[in-house]
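Working notes for the structure below.
Keep in mind the model is a prediction, meaning the values are calculated, not measured.
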Amino acid sequence: MIPPQPVYTIMTRRALLLVLCLVLSGCASIQFDMPTEVEQVGTTGPTLDESTQGTGQTASEGAIADRSNPWGESVVTVAINTSANSDREYREEVRQALDYWEENSERYAGYAIQYELVPDAESPDLVVNFVENVESCPRVEHAAGCAPYITNSNQISRPMHIEVDDSFSSDSTVHILKHEFGHTLGLNHSSAPQSVMSSQSALASRPMTDATDRELPWTDAELTVYLGQTSDRKAVRGQVQHALDYYADGAEGTVPSNVSFTVTDNRANADIIVQSPDELPCNPGSSGSCGGIRGADPDQDVALEEYDRLTISVSGVDTDAVGWYVGYWLGHGFGLDESELAPPFRDASARERQSEWWT
């Protein structure tokens, strides 16, 4: 009986923050805060049976195995099977992963291995299935791949099968394949090399449409808004509401017509936060506003593919201009650049910012 299948969980959503500022003089600057954190999507795989693992020396990069080849002395034939909806060929990615283990299996698994890649082989030893959803590990959600954990020949019933999610970039697919082939060589999540065998990794999806190129850069068009503490709260709330109503009416055709806003007292779960700090986070000591957009970068191209938080900071401006500043940043929150903003937010003078621009 094959032990529980090791699972490779997905960590794909990279936190990325885009911060901009608009000071009273009208100049704007852009600063990218490079992503250093990864939000985990998925769960840890099942615990492996330590009694089935090989013995060996423990290194800082994981345990090094020392066992005989469960596949025997013959060459292992590998086939490829893709989902009906796939438009990709994976021969090169699979070949790269196989080459890696032909060069490194003796060092890490304790024995040498040779592979023959025959994508349409009739009687393969291993079949790599590229699927829309990895379902061979039913107790785990969002697995990037799943493979049998093979430590002795009694566990092999040819053909053995590996599943790999087909939604990742070429480089990430190679990484997943190396990991899953490692399991078929008897390596688990504590094995060396940890750069390959760790149970979690940051993976890039296939190229996706950037948020700024989408009609709506948010998950849905129903957005919640939190208004922070401020001195003239009633007047400020009225100004903010003018901006929200303007965009709910389509902002002169610059945003989808189904956009709506609900004011909430729950800051933690709000999509949009409007605050009045003593100093602007993007430009301390000045008056004006800042906009910070947070979202996900699953294809790791250093551009957001989806927004999940817009933070608008307004400080040191007349109360009757607050609505204009909020409206300006709402435009950026819908992925618009300066030339695409609604007319009231293009080259507005100080007087225009304090006018009833929403009428």
Side-chain angles (χ1 to χ4, degrees), residues 17-33 211-218 221 223-228 230 232 235-257 259-261 263 270-277 279-295 304 307-359:
L17 182 66
L18 171 62
V19 181
L20 307 95
C21 73
L22 181 68
V23 297
L24 285 178
S25 62
C27 72
S29 63
I30 298 176
Q31 174 184 347
F32 284 97
D33 187 8
T212 54
D213 294 326
R214 294 170 49 197
E215 183 179 22
L216 181 71
W218 300 81
L223 303 174
T224 54
V225 181
Y226 173 84
L227 178 59
T230 182
D232 194 357
V236 169
R237 183 169 186 142
Q239 283 284 312
V240 172
Q241 193 61 54
H242 287 312
L244 300 180
D245 291 344
Y246 182 79
Y247 278 90
D249 288 337
E252 302 188 45
T254 58
V255 300
S257 59
V259 168
S260 64
F261 302 93
V263 177
D271 300 306
I272 300 169
I273 294 174
V274 180
Q275 59 188 13
S276 302
E279 285 196 333
L280 291 176
C282 64
N283 199 5
S286 65
S287 299
S289 63
C290 300
I293 302 171
R294 188 189 72 184
L304 300 180
Y307 297 162
D308 58 33
R309 172 67 61 83
L310 168 64
T311 302
I312 302 171
S313 302
V314 182
S315 179
V317 304
D318 292 333
T319 300
D320 54 3
V322 169
W324 184 92
Y325 283 97
V326 172
Y328 175 88
W329 290 116
L330 284 174
H332 286 279
F334 285 101
L336 305 176
D337 61 28
E338 295 290 325
S339 64
E340 296 171 327
L341 293 173
F345 308 110
R346 302 178 196 167
D347 302 319
S349 65
R351 175 175 293 183
E352 289 171 329
R353 296 178 189 186
Q354 294 176 266
S355 69
E356 295 185 359
W357 53 266
W358 55 86
T359 59

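- For the atom pair CH2 (Trp329) and OH (Tyr325), the distance works out to 10.5 Å, reported to the nearest 0.5 Å.
- Take Gln275 and apply the side-chain contact (heavy atoms from CB on, under 4.5 Å) test, not counting sequence neighbours, and it matches Arg267, Ile273, Pro277, Thr311, Ser313.
- Results of the side-chain contact (heavy atoms from CB on, under 4.5 Å) test with Gln239 over Asp318, Val314, Asp320 single out Asp320 as the only residue that passes.
- In this structure, Ala235 and Thr319 approach most closely via the heavy-atom pair CB-CG2, 3.7 Å.
- Among residues two or more places apart in sequence or in another chain, the side-chain contact (heavy atoms from CB on, under 4.5 Å) test is passed with Asp347 by none.
- Put simply, CZ on Phe334 and OH on Tyr307 are 10.5 Å apart, with the number rounded to the nearest 0.5 Å.
- Judged purely by atom type and a 3.5 angstrom limit, Asp337 uses its side chain to pair as donor or acceptor with the backbone of Ser339.
- Judged by distance alone, with hydrogens and angles left aside, the side-chain atoms of Thr224 form a donor-acceptor pair with the main-chain N or O of Asp271 at under 3.5 Å.
- The CD atom of Glu340 sits 10.0 Å away from the CD atom of Glu338 when rounded to the nearest 0.5 Å.
- For the atom pair CD1 (Ile272) and CG (Leu330), the distance works out to 5.5 Å, reported to the nearest 0.5 Å.
- Across all non-hydrogen atoms, the minimal contact from Gly331 to Leu341 is CA-CD2, 3.7 Å.
- Closest approach of Val225 and Ala270 over heavy atoms only: C-CB, 4.5 Å.
- Trp324 approaches Pro344 most closely through the heavy-atom pair NE1-O, 2.9 Å.
- Scanning all heavy atoms of the two residues, the minimum distance from Ala342 to Ala251 falls at CB-O, 3.6 Å.
- Environment of CZ in Arg237: sparse, with no more than 12 heavy atoms of neighbouring residues, nucleotides or ligands closer than 6.0 Å.
- When all heavy atoms of Ser289 and Cys282 are compared, the pair lying nearest together is O-SG, 4.1 Å.
- Listed by chain and number, the residues in a side-chain contact (heavy atoms from CB on, under 4.5 Å) with Glu279 are Pro284 (sequence neighbours excluded).
- The aromatic ring centroids of His242 and Tyr246 lie 6.0 Å or more from each other.
- Distance check: Trp358 CH2 to Gln241 CD gives 11.5 Å after rounding to the nearest 0.5 Å.
- Taking CZ of Arg346 as the start and OH of Tyr328 as the end, the distance is 12.0 Å to the nearest 0.5 Å.
- Between the side chain of Trp218 and the backbone N or O of Gly333 there is at least one donor-acceptor pair closer than 3.5 Å.
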